[in-house]
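Worth saying up front: this structure is predicted, and the values here are computed from it rather than measured. Hydrogens, waters and symmetry mates are skipped; everything else that's a heavy atom, side chains included, is used.
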Amino acid sequence: MTSAQGGEPKRVGIVGAGIAGLAHAWSAAQRGHRVTVFERTPKASGASIRNFGMIWVIGQPDHLQSTAMNSRDRWLQAAVQAGFWIAPCGSLHLAHHDDEWQVMSEYVAEHRQGPRAEHLRLLDRSETLKRTPGANSEGLLGSLWSDTECCVDPTSAVRSIPAWLHRQYGVEFHFSTAVTQVETGLIRTGDGKQHRFDQIVICSGDDFATLFPEVYRGVPIRPCKLHMMRTVEQPGGWRIGPHLAGGLTLRHYPNFKGCPTLGALQQRITQDSPHLDRLGIHVMASQNHLGQVVLGDSHQYGDEVEPFDTCDIDEYILGELVKIIHLPTWDLQARWHGVYAKYTGGLVFEQLVAPGVTVFTGLGGNGMTLSFGLAEDAGNRW
C-alpha cells in the first residue's frame, strides 16, 4: 500500500479532536496515511463546539481567500459525507450609522477587482429587508452582502465527524485518553500505554502547560474567553436567513483595516461606549438547524480570563444586538463561555518542536473557517 503521494503510508498521531485536530486527521487520511487521534474528554467539548458555527470567509484578509474558500468547499463536502447540517447562507453586515455605511462602501469599492468582487454587493434598505426578517428596520441604511459564508451547528458537526472519518478512512479515535508526553515517534497516554508514529501533530488548543510548555515561553499567545448565548427555538419556523453582524464587527476583523473611514468609526465607538472596547464586544447572530439563534460575543485575554461569567457582559451584548437585529423571541435557552488560543504573532502558531512533531494552535476565532484549508496546506508538506 502506498500513500496518495506515492510513498509509504505514514503512521500519523494527532492530539486533540477539536476542529484543528479533525482537519489534520482528514487531510492525512485522504493522503493514505494511517491516522490515530487522541482526545482527553469523552467527546469534543472545547472551543470548537462553543462558537457561532460560522464559516466566516468574509472575515479573512485577501491573502487567505483561497485557503478560506478551500476550507469552505471542504466543509460542504464533509457535511454531505458525514451527514451533518450545513447552510450556505451568506452574511449581512447591517449599517445603522453613516460611518458604517461608508466603510462598507469603501470595502466594496476596494474589491471591485479580484477574487472577492463577484461575492460582494451593497444592498439598500429595502433589499436588505428582503434578505432577512432579522434586520432592525429602525435607522437601517443598508447592508454589505457576501455570499461566501456558511453555517453549521458546531456541536453536532464536530461530534459527528469522528464516526465518519473512522467509517470512511479507518481513522482510529481514542476518547477519554489524555496524552501525557510526546517525543519524536512516540505518544505516551495517561493509561501508561505507548504509541509509535512517524508524524505527530499537537492540536491541544489553549492548553499550554501539558505538552512542550517551554515552547510557549515568550511567544505572543494567550487564552481568549468569549461570552455567548442561544435563544429558544424561534416560533412558527421563523428563520433569520444570513449570518448577521453590524458596525461593531467592522472594527474586529482585519479585512476592513484598509477602509479610510474605519478610524472615525472606531473613534465614535470608543467615545460613546468605551466598555465595548474594554470587553472586546462585537455582536453577531446565526441560526442553527433547530431554529435557535446563537448570539455573541466578547473577548477577554490572558490574566483577564476568569472562570466566572459576569452578567453585565451578557447584558452589554444583548443591548447592542437589539440595536441592529429583530427576533420574534429573545428568550434564552443557554449561556456559556468558550476559551481559545489567540496567537498575535501571525495567523497560527505552527512550530516543529521535535523531529516529526508539530504544534498547531492559536487560530483564535478563525478555527472553524480556516482549519480545513490550513490542514490541507500542512498535509502537502508531509
Legend entry - Greater than 12 external heavy atoms within 6.0 Å of E214's CD: yes
Inset, instruction - Examine H93 together with Y107 and report whether their ring centres are nearer than 6.0 Å. - result: no
Inset, instruction - Just grab all the salt bridge (Lys or Arg N to Asp or Glu O under 4.0 Å) pairs involving residues 251-262, residues at least two apart or on different chains. - result: R251-D277
Inset, instruction - Carefully, step by step, assess H299 and H282 under the rule side chain to side chain contact (heavy atoms under 4.5 Å, CB included). - result: CA-CA 9 Å; H299 300 78; H282 78 107; 3.6 Å; yes
Inset, instruction - Verify whether one side chain among T67 and N70 offers a donor that lies under 3.5 Å from an acceptor in the other. - result: no
Legend entry - For W164, all residues meeting ring-ring contact (aromatic ring centres under 6.0 Å, His included), sequence neighbours excluded: W26
Inset, instruction - Dump the intermediate steps for side chain to side chain contact (heavy atoms under 4.5 Å, CB included) on V57 and S146, then the final yes or no. - result: CA-CA 9 Å; V57 178; S146 168; over 6 Å; no
Legend entry - D303 CG: over 12 foreign heavy atoms closer than 6.0 Å: no
Inset, instruction - Check whether the side chains of N366 and T369 place a donor and an acceptor atom closer than 3.5 Å, and report yes or no. - result: no
Legend entry - Under the side-chain contact (heavy atoms from CB on, under 4.5 Å) test, residues paired with P274 that sit two or more places apart: none
Inset, instruction - For this output row, return yes or no: ring centroids of Y316 and H275 closer than 6.0 angstrom. - result: yes
Legend entry - Stepwise side chain to side chain contact (heavy atoms under 4.5 Å, CB included) test for F173 and T36: CA-CA 6 Å; F173 284 85; T36 304; over 6 Å; no
Legend entry - Exceeds 12 heavy-atom contacts within 6.0 angstrom, atom CG of D309: yes
Inset, instruction - Quick one: which residue pairs count as a salt bridge (Lys or Arg N to Asp or Glu O under 4.0 Å) with a foot in residues 258-274, not counting sequence neighbours? - result: D99-R268, E100-R268
Inset, instruction - Can you establish whether the number of heavy atoms outside E138 located under 6.0 Å from its atom CD is more than 12? - result: no
Legend entry - Remaining members of the apolar cluster that contains F349, side-chain heavy atoms under 4.5 Å: V15, F38, V179, V182, I187, F197, I200, I202, F208, L211, F212, V215, Y216, V219, I221, Y343, V353, V357, V359
Inset, instruction - For Q102, check side-chain contact (heavy atoms from CB on, under 4.5 Å) against everything at least two apart and list the hits. - result: E106, T261
